[in-house]
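Since we're looking at a predicted model, the values are computed, not measured. Below, read A as the first sequence line, B as the second, and so on, with proteins coming before strands; counting in each chain starts at 1.
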2 protein chains.
Amino acid sequence: MSKINIKYLAKELNLSISTVSRALRDSHEISGETKKRVFDLAKRLNYQPNSNASGLRGQKTKMIAVVIPDMVNDFFSLVISGIEKVTQEKGYHILLHFTHGDHELEVSFINTLASGRVDGVLLSMSSEDNDSHHLAELNSSGIPLVLFDRVSECVSNVKVTSDNHESSVLATHHLIEAGCKKIAYLQVHKNIPVGKVRMNGYLEALQQYSAQKVPLVLECTNDNDETFELIQKMLVAEKPDGVFASVEKLAVVCYRVCEKMRLKIPDDIKIISFSNLHTAALLNPSLTTITQPAFDIGETAAKELFNIINKKNRTLAGDNNNVVLQSRLIKRRSTARY
Amino acid sequence: MSKINIKYLAKELNLSISTVSRALRDSHEISGETKKRVFDLAKRLNYQPNSNASGLRGQKTKMIAVVIPDMVNDFFSLVISGIEKVTQEKGYHILLHFTHGDHELEVSFINTLASGRVDGVLLSMSSEDNDSHHLAELNSSGIPLVLFDRVSECVSNVKVTSDNHESSVLATHHLIEAGCKKIAYLQVHKNIPVGKVRMNGYLEALQQYSAQKVPLVLECTNDNDETFELIQKMLVAEKPDGVFASVEKLAVVCYRVCEKMRLKIPDDIKIISFSNLHTAALLNPSLTTITQPAFDIGETAAKELFNIINKKNRTLAGDNNNVVLQSRLIKRRSTARY
DNA sequence: CTGTTAGCGCGTTCAA
DNA sequence: TTGAACGCGCTAACAG
C-alpha cells in the first residue's frame, strides 16, 4: 500500500492538509499557483486518493455491485459488457458476484451490500419464486437497486427485461409463416421459469395463427445424451416439420439429431431457437435465431441505476417501473456472414 | 446506507463501542454472556460491518481486482468463473475492469489500484510489447500481482499461462498423423501476439514431422466477409488437405467456405482449431479443437495470488515464477455429444 | 485564499 | 472483563 497520502503531500509542500485536499478537488478558493504546485507533486509521486477513506467520509464508493447467477453461457457476459460500458463512462467500478443459483448465497451477499460497500446494485435473481425479503431490506437501507432479466414481481424496483412471451409468439409465428404445419417445442428443464413463459408464447401462437390442434411439447433434461435420444424418438414418432428450441443448447442437440437422421434443414425441417449474439454466430447459418438483447439489457439496467443514484428522473421506466426490451429475430444469414 | 453500526449496537446494549467490536470479532477477552447478547442483536438487526471503515483501519479490503481486455469471446468468462471459485472460498470479492485493449486505460486503472482499493491484482495485459512501468509501480506499492494469459516477460511476478507453442505443435502434429500432406495455417490479424507463437508451433511441427516443404500461411483480417473470400481463394488455389485455424472464429469461417465449396469434413479436408470449452461445443463435431484450460488458468492464477496475499510459500510457480498449463486436444466428438 | 478542527466506522492500544 | 481514546485518510464546516 502506497504511503503517499494527502498528509505527505502537505508536508512536502509546506501546506496544510485541507489546502492540498481542496487543491486536488480543484476548488475555486485555492490560488492557481498553489494548485499547480500540488498537482505537479501529486502527478510526480503518482498520488492516488485512498478510496476507503473517501468512501467512508463521503458515503460514496464509486462502485456498483453486479449480482448474477453465473457465466456458463454468454448471456451474462454480454450483459456485463453492456453494464461496463456505462460504468466506464461514469467512472464507476464493478463488484462482481455469482450466486450459482443459490438463493441463500444471494441473500447473504445482498445483506453484505446493505452496509454501504457499493453505491448501487444490479441483480438478476437466482430464482424467481423465492421470497424477496432481503431485497426489501436492501431497499430500506437506501441503496438503489435495479433488477434485470430474472426479476421478481414482489418488489417495486425498476426492472429491465426482454419480452420472452412476445418473442416466443414471434418465433412460432415465423415458423408458421414459413409453412410449418406441425411444430414441436423443446422445453428446457421444467423448473427454469423462463421456459414456461416461452412455452406459453408458443401455445398462444399455435392457437392464434396455426391449424395445428395439439401442441407438441418435449420435456428435455440436463443430460445431453439423454436429450439427444428424446429428440430423436420424438422426430421419428411425430415427424414435425418445425422445431422451436427454448434455449440454444437444445437447438444444437436437435441440429445434431437431424444430421444423424439425414434431415435437411430447412427443407425437411425448420429450426428456430433462442440464442445469444456470440453463440448464434457459431450455430449453423440455416438456423433462425431469436436473440435476446443482452448487451442492451446490461446497458439499460446500468443507466437506470445511475439515474436513481444521481436522483434524476427515470427516463425509460414507466409507472410500473418496467422496461421491456425487444428480442431480435435473426433470419437465415448469408453464406459469407456467420 | 444502513444506520446500524457498532455505535448503535453499543447504545442499545448499554455497552461500550470497543466491547461490541471485540465481541463481534469473537475475542477471548469477552464473556460468553456478553458475546451472546451482542451476536443476537447484531443478527436481529442484520448488522453488517462497514467495509470502508474496516478497510481503512485494517488495510484489508477483501477484494481483488481482475483486469482483462474484455469479454467478447468466452475465454475470459471461463477465466473469471475459475477465479470466482477461489474468491468464493476465501470470502473475497471481485472488482472487475476491462481495458478494451487500451494500454492507457490499463495504466490508469493499475495506478488507481496502488492506493489500496484491493488486496491483490490479477491482470491479463492489454498488449504484451508495451512498457511495464505501471506494474513496477504497483509492485513497489506492495500490492500482490499475478499475471495470466497475456503476460510480460519484463516483470518478475508470477505468471500463469497455457502453452500456445506446444499446443500448436500438438495440433499440427495431429493433422500430420491423420494423413494431411498439405496443411494451411490461418493466421489471425498479425499484431495479436499469440498468433505468432502459435504460428511458430505450426512451422516447427512441419519441419519436424512433415514432408511439407513450404508452409502455407494465410493472413486473415478482422472483416469476416473479407476473410471468407481470402480463405476461399486459398482453398481453390492451393487445395490443402488440412487447415489449422489459430482462433475459432477463423475455423467457423473456414467451415462455411467448405460448406459452400461442398468440401466434406474430414474426408476432403481436415480442420483443427483453437477454441474454448463453451463455443467448442457449438462447432460442428467434425472439427477437432485445441482447448485452452481457461477455467484452470483463472483458478490457478487466483490461488497463486492468495498464496502471496497470505504470505504462504508458492506451491506451483517454480524459480522463474511461471506456471504453464497444458491445453487439451479434443478429437472428434461422438454424434450424441456436442 | 489558507489553516484548524471534527468526524465518517472500525479496531487496537492503554487504562481501569 | 470492560471502557476511553486514538488514528486510519479524507472532506467539510468554521475561522481567520
Proximity to the side chain of B:T19 - top-ranked nucleotide from C:dG3, D:dT2, D:dC10: D:dT2
Shortest non-hydrogen contact from B:I308 toward B:P144: CG2-CB, 3.7 Å
Five-pair end axes of the helix from C:dC1-D:dG16 to C:dA16-D:dT1 and the angle they enclose, rounded to 10°: 50°
Phosphate-side-chain proximity, A:Y47 and D:dC10, N/O vs OP1/OP2 below 4.0 Å: yes
Nucleotide C:dG11, atom C1' - distance to CG of B:N52 in whole Å: 15 Å
Distance-only polar pair, side chains of A:N50 and A:N5, donor-acceptor under 3.5 Å: no
Rounded distance in Å - CD (B:Q59) to P (C:dG9): 19 Å
Basic-acidic side-chain contact under 4.0 Å: B:K35, B:D26: yes
Spacing of A:L56 atom CG relative to D:dG7 atom C1', expressed in whole Å: 12 Å
Residues in side chain to side chain contact (heavy atoms under 4.5 Å, CB included) contact with A:S31, at least two apart in sequence or another chain: A:E33, A:T34
Output field: ring centroids A:Y8/A:Y47 closer than 6.0 Å: no
For B:P293, all residues meeting side chain to side chain contact (heavy atoms under 4.5 Å, CB included), sequence neighbours excluded: B:S162, B:D296, B:I297, B:L325, B:S327, B:R328
d(CG, A:L13; P, C:dT2) in whole Å: 12 Å
Contact under 4.0 Å: B:N50 side-chain N or O vs C:dG9 OP1/OP2: no
Phosphate-side-chain proximity, A:T34 and C:dC1, N/O vs OP1/OP2 below 4.0 Å: no
Spacing between B:R117 atom CZ and D:dG9 atom P, to the nearest angstrom: 16 Å
Distance below 4.0 Å between B:S31 side-chain N/O and D:dT1 OP1 or OP2: no
Contact nearer the 5' end of DNA chain D, comparing B:A53 with B:H28: B:H28
B:R37: side chain to side chain donor-acceptor pair (under 3.5 Å) partners, not counting sequence neighbours: none
Between D:dT2 (C1') and B:E33 (CD): distance, integer Å: 14 Å
Touch class at under 4.0 angstrom, heavy-atom based, for B:Y8 against every strand present: nothing
Please tabulate, one pair per line, each protein N/O and nucleotide N/O from nucleotides 12-15 of chain D that are separated by under 3.5 Å, including the distance.
| residue | atom | partner | partner atom | Å |
| --- | --- | --- | --- | --- |
| D:dA12 | O4' | A:R57 | NH2 | 3.1 |
| D:dA13 | N6 | A:R22 | NH1 | 3.4 |

Atom-to-atom span, CG of A:L24 to C1' of D:dG9 - whole angstrom: 12 Å
Any A:S54 side-chain N or O less than 4.0 Å from OP1/OP2 of D:dC10: no
B:R44 with B:D40: basic N within carboxylate O range, under 4.0 Å: no
Contacts of type side chain to side chain contact (heavy atoms under 4.5 Å, CB included), residue B:S51, not counting sequence neighbours: A:R117
Donor + acceptor pair across side chains of B:N46, A:E137 (<3.5 Å): yes
Side-chain N,O (A:K60) to OP1/OP2 (D:dT11) below 4.0 Å: no
Whole-Å gap separating C1' (D:dT1) and CZ (B:R37): 14 Å
